[in-house]
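These values consider heavy atoms only, across backbone and side chains, with no hydrogens, waters or symmetry-generated copies.
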Amino acid sequence: MSTSMTLNVRVTGPLSEFVAANVGENGAYENVSEYVRDLIRRDQERVETERFERLKAELTAAFAAPETRYGPLDAEAVFARNARR
């Protein structure tokens, strides 16, 4: 379900000047809302990339481990191991 949110943000001084330089005729964005939405999307992409990189690192380490570190597990052992975490 998609919801809508209205944000009211006050920026002053250098932040206000920075936003103004990026919005309008001379900026990359037509309005402040467009600019903020793009910033949020970029942050969302950054978070997703970080999560993927952590997962990739964990899988790389797991696949690099010698086979002697692995043994058979049943569902109860997995549940017990995960309950300790």
Show every donor-acceptor pair shorter than 3.5 Å between a side-chain atom in residues 40-49 and any protein atom, with sequence neighbours excluded, or say none if there are none.
residue : atom : partner : partner atom : Å
Arg42   : NE   : Asp38   : OD2          : 2.8
Arg42   : NH2  : Asp38   : OD2          : 3.2
Asp43   : OD1  : Arg46   : NE           : 2.9
Asp43   : OD1  : Arg46   : NH2          : 2.5
Arg46   : NH1  : Glu50   : OE1          : 3.3
Arg46   : NH1  : Glu50   : OE2          : 2.9
Thr49   : OG1  : Glu45   : O            : 2.9

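Counting only residues at least two apart or on different chains, the salt bridge (Lys or Arg N to Asp or Glu O under 4.0 Å) pairs with a member in residues 52-79 are Glu53-Lys56. Residue pairs meeting the ring-ring contact (aromatic ring centres under 6.0 Å, His included) criterion with at least one member in residues 16-41, sequence neighbours excluded, are Tyr29-Tyr35.
For the side-chain contact (heavy atoms from CB on, under 4.5 Å) test, residues two or more places apart in sequence or in another chain that qualify with Leu55 are Leu59. Evaluation of the side-chain contact (heavy atoms from CB on, under 4.5 Å) rule for Ser16 yields Val11 as partners, not counting sequence neighbours.
Grouped by direct or indirect side-chain proximity (heavy atoms under 4.5 Å, Ile/Leu/Val/Met/Phe/Trp/Tyr only), Phe79 sits alone.
Heavy-atom neighbours of Phe63 CZ from other residues, nucleotides or ligands within 6.0 Å: at or below the threshold of 12. For CD of Glu34, the number of neighbouring non-hydrogen atoms (other residues, nucleotides, ligands) closer than 6.0 Å is greater than 12.
Shown here for Arg81 and Leu73, the closest heavy-atom pair between the two residues is NH1-CD1, 3.7 Å.
With rounding to the nearest 0.5 Å, the separation of CG in Asn31 from CZ in Arg37 is 6.5 Å.
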